[in-house]
Chemist: 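Below: one structure in structure tokens.
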Amino acid sequence: MESGLISVDRWAKGSSAYFLTHLHSDHTHGLSSSWSNGPLFCSRLTAKLIPFKFPNFNLSLIRVLEIGSWHALSPSSGFPTTLHVFVVDACHCPGSIMLVFRGEFGCRICTGDFRWEPSCEKARMAKEMLVAALKDDVVDVVYIDNTYSNPIYDFPTRQIAANQIIDIILSHPDYDIIIGINTLGKEDLLLQISRALKIKIWVWPERLQTMHLLGFNDTFTTNTTLTRVRAVPQYSFSVDTLEALNTMRPTIGIMPSALPWVKKSLQKGNLSGSFLTSSFKRGRLSSNSVQIDEQNGAIGPLNKFHEHIYSVPYSDHSNFAEIEDFIRLIHPATLKGIVSSSSCYIEPMYYFGRLCRVNQPIQLLHKPKREENGKSVGVVSTKFSFGGDYVEPERNKGKNFKGKFLGVRVSKLSILRRKNRGAKILDNNSPEQD
DNA sequence: GCGATCAGTT
DNA sequence: CACAACTGATCGC
């Protein structure tokens, strides 16, 4: 039946064990306070955060996985078969982990969301642990964080981006500073800012609780009078907000993200206005990401996109080169993306297939896709296709296909809205089995 | 009131 | 161009 043996960041009934790589909401869809579909395996830190995100969560379901250790699931512990899982730090956000599974199905790695920068000490240690754990074993499948698995995604390390942000703040000594963040992540950035400026950072009350759970007891405050630097929910961060704030005090906003929409939405917000001062135009709206001195991270003039807003490519996902490094290191038989995309732009096998042992032809678009959902034997349920059988001319990445196809005007790809992250690994992955 | 979807926001 | 992470409305129950 369609029940998988284990699920990673997927929460539907039918699996014997559930793994949570980290607590971002796009990985917890289907998880709730009342969820009870099976044992939930996660890092110690994630386990600590779960009750905060899901009050009244049944704690007896939680199984802590120590980082750097192998853990066994076996019939003696009520599991259908024996498998082992190894855990390393994914360096994506607090508590985030990468998982290595060994069992009847062979060896598979779920990276979860991850960022392993070559210059990051934590990532270097994680990599060593992983290599040591794998020994000479071959890896059959890597479920990769393919968010940026396209060579157009080239951005600097978080260290460099953090220095850019600090420089921006230092160059605005008389301004209030607003930084957009989410419910978890980018703590290191805020700590560095705090250290560099010798100043506390304001966060909203729930975020302060999170900070305390994470063990940061001194750096953050909810008292606005103590600091000019405030970290606010990203969704509350807009051109309008910044303009409103500026009617009260001079304020700049900083968007720490490598996602292209940042630039786009910020530009669009003000292009038609009268803001196009010469100093603004100097910002080269259409230019690509910042080119900066690799060593010290000095900023160029170009991450300013609005009179009051800077966009800095501080990313918690690996860039293209880092993904490539990872795949080269693991040299798996094949790859699956954990981010289901409605297009081929980030299909991992397209760019990385040559680094795999099984050099599969690049199947760019939809998999067979007969079933609606669920029962496909595969692994990651990438579940959508365009109804028909039209094939995008592979590298003809030019236009997206929203125009009109088959006379149907698909104005939005929203029908295909990706939604499905996560992987379900079946007890029998092999084709010879039903 | 909950969960699943959809819509929309940055 | 896509993408990530999140909030909020809606609908069925």
Side-chain angles (χ1 to χ4, degrees), chain A residues 9-13 21-37 53-56 92-93 96 112-115 145-153 155 178-186 204 206-207 232-242 253-270 286 288-289 305-306 309-311 313-320 323 337-348 350-351 373 383-384 392 395-403 411-422:
Chain A
D9 296 342
R10 291 177 55 87
W11 308 103
K13 282 192 200 308
T21 61
H22 65 288
L23 262 179
H24 279 155
S25 65
D26 52 335
H27 291 254
T28 58
H29 196 253
L31 196 55
S32 69
S33 291
S34 58
W35 183 88
S36 62
N37 293 344
K53 179 147 183 149
F54 302 113
N56 305 317
H92 169 70
C93 72
S96 67
D113 287 354
F114 81 107
R115 183 149 199 204
D145 175 7
N146 55 319
T147 303
Y148 293 122
S149 68
N150 182 310
I152 64 172
Y153 295 123
F155 42 79
I178 298 293
I179 302 172
I181 62 170
N182 284 326
T183 57
L184 195 60
K186 303 199 163 59
W204 63 101
E206 294 80 5
R207 197 58 158 95
V232 304
Q234 217 166 77
Y235 60 82
S236 74
F237 190 110
S238 69
V239 170
D240 287 348
T241 309
L242 263 294
I254 299 174
M255 274 302 223
S257 172
L259 284 172
W261 62 257
V262 175
K263 298 176 185 176
K264 235 191 123 185
S265 62
L266 294 181
Q267 289 173 39
K268 139 169 85 184
N270 98 101
S286 57
N288 206 349
S289 58
F305 289 99
H306 176 270
I309 300 181
Y310 292 80
S311 167
Y314 185 103
S315 171
D316 288 323
H317 294 270
S318 291
N319 67 22
F320 183 81
I323 298 172
I338 63 173
V339 181
S340 314
S341 170
S342 54
S343 81
C344 61
Y345 293 116
I346 57 172
E347 162 58 42
Y350 181 76
Y351 291 107
N373 51 12
K383 57 166 56 165
F384 24 60
E392 154 92 328
R395 79 217 35 170
N396 193 2
K397 77 271 225 71
K399 338 321 247 50
N400 68 1
F401 6 90
K402 56 171 59 154
S411 72
K412 266 314 203 156
L413 298 179
S414 54
I415 333 154
L416 329 156
R417 259 191 170 332
R418 73 323 80 113
K419 198 92 219 202
N420 273 320
R421 289 175 145 261

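Order of the sequence lines sets the chain letters (A, B, ...), proteins ahead of strands, with each chain counted from 1. Computed over heavy atoms, backbone and side chain alike; hydrogens, waters and symmetry mates excluded.
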Chemist: Would you say the side chains of Asp9(A) and Thr21(A) form a donor-acceptor pair under 3.5 Å?
Modeler: yes
Chemist: Enumerate all atom pairs, one protein N or O and one N or O from nucleotides 1-4 of chain B, separated by less than 3.5 Å.
Modeler:
residue: dG3(B); atom: OP1; partner: Ser32(A); partner atom: OG; Å: 2.8
residue: dG3(B); atom: OP1; partner: Ser34(A); partner atom: OG; Å: 2.3

Chemist: Counting only side-chain nitrogens and oxygens, does Thr183(A) get under 4.0 Å of the OP1 or OP2 atom of dC6(C)?
Modeler: yes
Chemist: How long is the span from the CE atom in Met255(A) to the OG atom in Ser238(A), to the nearest 0.5 Å?
Modeler: 8.5 Å
Chemist: What residues form a side chain to side chain donor-acceptor pair (under 3.5 Å) with Ser32(A), not counting sequence neighbours?
Modeler: Ser34(A)
Chemist: May I ask you to decide if Pro233(A)'s main-chain N or O and Asn182(A)'s side chain share a donor-acceptor pair within less than 3.5 Å?
Modeler: no
Chemist: Taking only the side-chain heavy atoms of His27(A) (C-beta and beyond), determine which of dA5(C), dC1(C), dC6(C) contains the nearest atom.
Modeler: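 My answer, after comparing the listed nucleotides, is dA5(C).
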Chemist: Starting from P on dC3(C), measure out to CD on Gln234(A) and report it in whole angstrom.
Modeler: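 Nearest whole value for this atom pair: 17 Å.
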Chemist: Nearest-Å distance, CD1 (Ile309(A)) to C1' (dT9(B))?
Modeler: 14 Å
Chemist: If you only use heavy atoms from C-beta on, which nucleotide in dC3(C), dA5(C), dA2(C) is closest to the side chain of Leu259(A)?
Modeler: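 Side chain of Leu259(A) sits closest to dC3(C).
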Chemist: Rounded to the nearest angstrom, tell me the gap between atom OH in Tyr153(A) and atom P in dA4(C).
Modeler: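 Atom OH in Tyr153(A) sits about 8 Å away from atom P in dA4(C).
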Chemist: Is the side chain of Ser33(A) donor-acceptor paired with the backbone N or O of Pro55(A) at a distance under 3.5 Å, no angle test?
Modeler: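 Between the backbone of Pro55(A) and the side chain of Ser33(A) there is a qualifying donor-acceptor contact (under 3.5 Å).
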Chemist: Quiz question: by atom type and distance under 3.5 Å, do the side chains of Asp316(A) and His92(A) form a donor-acceptor pair?
Modeler: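 Absent: no donor and acceptor within the cut-off.
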Chemist: The criterion is side chain to side chain donor-acceptor pair (under 3.5 Å); which residues satisfy it with Thr28(A), sequence neighbours excluded?
Modeler: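 Once residues adjacent in sequence are excluded, Thr28(A) has no partner under the side chain to side chain donor-acceptor pair (under 3.5 Å) criterion.
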Chemist: Tell me the interatomic distance from Phe155(A), atom CZ, to dA2(C), atom C1', rounded to whole angstroms.
Modeler: 13 Å
Chemist: Establish, with yes or no, whether the OP1 or OP2 oxygen of dC6(C) is under 4.0 angstrom from a side-chain nitrogen or oxygen of Ser25(A).
Modeler: yes
Chemist: From CG of Asn182(A) over to P of dT7(C), roughly how many Å is that when rounded to an integer?
Modeler: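 Checked: the CG to P distance equals 8 Å.
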Chemist: If I take atom CG in residue Leu184(A) and atom C1' in nucleotide dA5(C), what distance separates them, rounded to the nearest angstrom?
Modeler: 11 Å
Chemist: Starting at OH of Tyr314(A) and ending at C1' of dC3(C), how long is that distance when rounded to a whole Å?
Modeler: 19 Å
Chemist: May I have the distance from Tyr235(A) (atom OH) to dA9(C) (atom P), rounded to whole angstrom?
Modeler: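 Atom OH in Tyr235(A) sits about 13 Å away from atom P in dA9(C).
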